[in-house]
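Read through the structure below, which is laid out as structure tokens, and then see the notes.
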Amino acid sequence: MAFQEHSYRDTWVEVDLGNITRNVEQVIRSTGQQLDVMAVVKADGYGHGAVRAAAAAVQGGAVFLGTALLEEAIELREAGFDLPILVLGRTRPEDAETAREYNISLTVFQKEWLEEAAACMAPGQALSVHLKTDTGMGRIGLRSDEEIIDFLETVSSQPAFDLEGIFTHFATADEQETSYFYRQHERFKEIVELTGKIVQLPPYIHCGNSAAGMRFPDRCFTMFRFGISMYGLTPSAEINEELPFALQPAFSLYSRLVQVKKISPGESISYGATYTAEKEEYIGTVPIGYADGWNRHHSTNGGYVLINGEKAPIVGRVCMDQMMVRLSGPEETGTKVTLIGKDNGTEITVLDAAERLGTITYEIPCMISKRVPRKYISSRN
Ligand SMILES: *Cc1c(COP(=O)(O)O)cnc(C)c1O
């Protein structure tokens, strides 16, 4: 899973770990230090590198780690993290014993799952589980009071399991319109009250993602799950202006020009010859393409890069491993190219890149492939 240590190419992601630490510290401060923070590092830390991101988040005060998959949780344990880790997705019951051996907490929401898992587990330390309830996301989780009561009675009668948490997930916490969010929150509150009548309430009660943790900390019970904004990215464009503190983005993407040439009017660039110069132009070749997760649609919708603080439009189609940009003059081969990040006071944000592709911030760092090495810095020291 780890990104390669050595690289022979001049295209790289720079991850500022100090900014991850800072975002966690800031969010803890903004919630009045009332809530525990789970650092969500699924999908290799949203493309930043799970182990490095988790370490930076723990330094900032995170007390729990969250992943989507059991293998992602095991990677963290094997890297030496000894704080609690929750797998947020469903794990197969036959893999419950592996989770128990690694002391990894699992998300559960099926009564039969408990029976199947118990049958596969060796005696000893109980497996920590968090009950997932579906209050309106419609993805995974128990929905009705009857199912929840039945599940809680089963889990509490089984010594193989320790109910460590109960949680839900919001579908619209990042939207201006809050009525659906409030309805989900109300339902979860009812479920928590119901749970307290059936069993002793578990120590971790959590519903918030980044958006909810930052906007509605007083509705987050004991902990929230801090994903996208831990990396300094906004959950959505529409709440970008109302966040409680300035997020510090950790992710930048850079390359270097590998060739610069002058072309004449009428000459064309790249597959399909879709771009034709109208006058004499300088064209630079940048060694990044769609196999690196630099989508072909970056060449449409006004995509550009920064070179010496100036915009250089992407011209012609993005290829698998390379693309071309129009330069304002005869730049040197080796000149730094900023695809995402700051350059001489100008900036291309992850949100800019996302909006260019008609997607959300989350997808941009996740889609920059493993072929692009991650280099780590810390602006903090
Ligand atoms: C990914 C995920 C999160 C993190 O959400 P962000 O919007 O990135 O903060 C929280 N909870 C669950 C269940 C998730 O799958």
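When a ligand or atom number is given, it counts from 1 through the structure's own listing order.
For atom 13 (C) of ligand 1, the choice among His130, Met214, His169 with the nearest heavy atom turns out to be His169. Closest heavy-atom approach to atom 1 (C) of ligand 1 among the candidates Met137, Lys42, Arg225: Lys42.
Within 6.0 Å of CZ on Phe245 lie more than 12 heavy atoms contributed by other residues, nucleotides or ligands.
Atom 7 (O) of ligand 1 has Tyr362 OH, 2.6 Å as its closest protein atom, hydrogens excluded (heavy atom only). Looking only at heavy atoms of the protein, atom 5 (O) of ligand 1 is closest to Asn209 CB, 3.6 Å. Of the protein's heavy atoms, Ser210 OG, 2.5 Å lies nearest to atom 9 (O) of ligand 1. Of the protein's non-hydrogen atoms, Tyr46 OH, 2.5 Å is the one closest to atom 8 (O) of ligand 1.
Neither the backbone nor the side chain of Met230 comes within contact range of ligand 1; no heavy atom lies under 4.0 Å.
In summary, the side chains of Tyr376 and Glu14 do not present any donor paired with an acceptor at a separation below 3.5 Å, with no hydrogens or angles considered.
Using a 4.0 Å cut-off between charged nitrogen and carboxylate oxygen, Glu186 and Lys189 count as a salt-bridge pair. Between Asp150 and Lys111 there is a salt bridge, with a side-chain nitrogen of the basic residue lying less than 4.0 Å from a carboxylate oxygen of the acidic one. Between Asp145 and Arg187, at least one side-chain N (NZ, or NE/NH1/NH2) sits under 4.0 Å from a carboxylate O, which counts as a salt bridge.
Looking at ligand 1, you'll find an N or O of Gly227 within less than 3.5 Å of one of its N or O atoms. For Val40, no nitrogen or oxygen atom sits less than 3.5 Å from a nitrogen or oxygen atom of ligand 1, counting backbone and side chain alike.
Within the 4.0 Å heavy-atom shell around ligand 1 one finds Arg139.
In this structure, Arg219 fails the cation-pi test against Phe170, since its NZ or CZ atom is not both closer than 6.0 Å to the six-membered ring centre and inside 45 degrees of the ring normal.
Ring pair Phe216/Phe181 is parallel by interplanar angle, where below 30° counts as parallel and above 60° as perpendicular.
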